[in-house]
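Down below is the structure, laid out as structure tokens.
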Amino acid sequence: MDEIKAILENSPGFREEIKSMAGIFEKRRTCPGEILAQSGNTAHSYFLLGKGAVLCAFDDGRAVVLTRPGDFMGMQFLSDDAKYNATMT
């Protein structure tokens with residue numbers, strides 16, 4: 001949990017009060033090429049990058065690679081339609 005809290009403290013997307021939520025995060029190891037979320041699928045997870053890289057590929061051909069600890073993806077789970085707008089690997 002200390003590792004997750006440290007990542008949250010360095011993430012530009014979190015305010016001071018959010019850092020106390022470190023206990024609700026679950027550490028997950030992934031393999032290269034593993035699909036974390038598929039575009040169009042129901043969003044059920046929020047991802048916070050600890051280390052490594054995540055490719056977010058959008059249906060319109062755009063893509064972004066997240067590489068900094070504290071980068072995050074999957075905010076769609078908070079919206080009414082709750083669908084991922086990118087495939088994340």
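Ring geometry, Tyr84 versus Phe47: the interplanar angle falls from 30° to 60°, so the pair is classed tilted.
The side-chain heavy atoms of Thr30 and Leu36, taken from C-beta on, include a pair separated by under 4.5 Å. Looking at Lys83 and Thr42, their side chains come closer than 4.5 Å, going by heavy atoms from C-beta outward.
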- request: For the pair Leu66 and Phe72, evaluate side chain to side chain contact (heavy atoms under 4.5 Å, CB included) and give the outcome as yes or no after the intermediate values.
  value: CA-CA 8 Å; Leu66 304 175; Phe72 54 91; over 6 Å; no
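Here the closest non-hydrogen pair linking Val64 and Phe58 is CG1-CE1, 4.2 Å. Pairing each heavy atom of Val54 with each of Met73, the nearest pair is CG1-SD, 3.5 Å. What you find for Leu49 and Gly52 is that their closest heavy atoms are CD2-O, 3.8 Å. The two residues Ser39 and Asn85 come nearest to each other via the heavy atoms OG-C, 3.7 Å.
Interatomic distance, OG1 of Thr89 versus CD of Gln38, reported as 9.5 Å (0.5 Å rounding). To the nearest 0.5 angstrom, Asp59 atom CG is 6.5 Å from Thr87 atom OG1.
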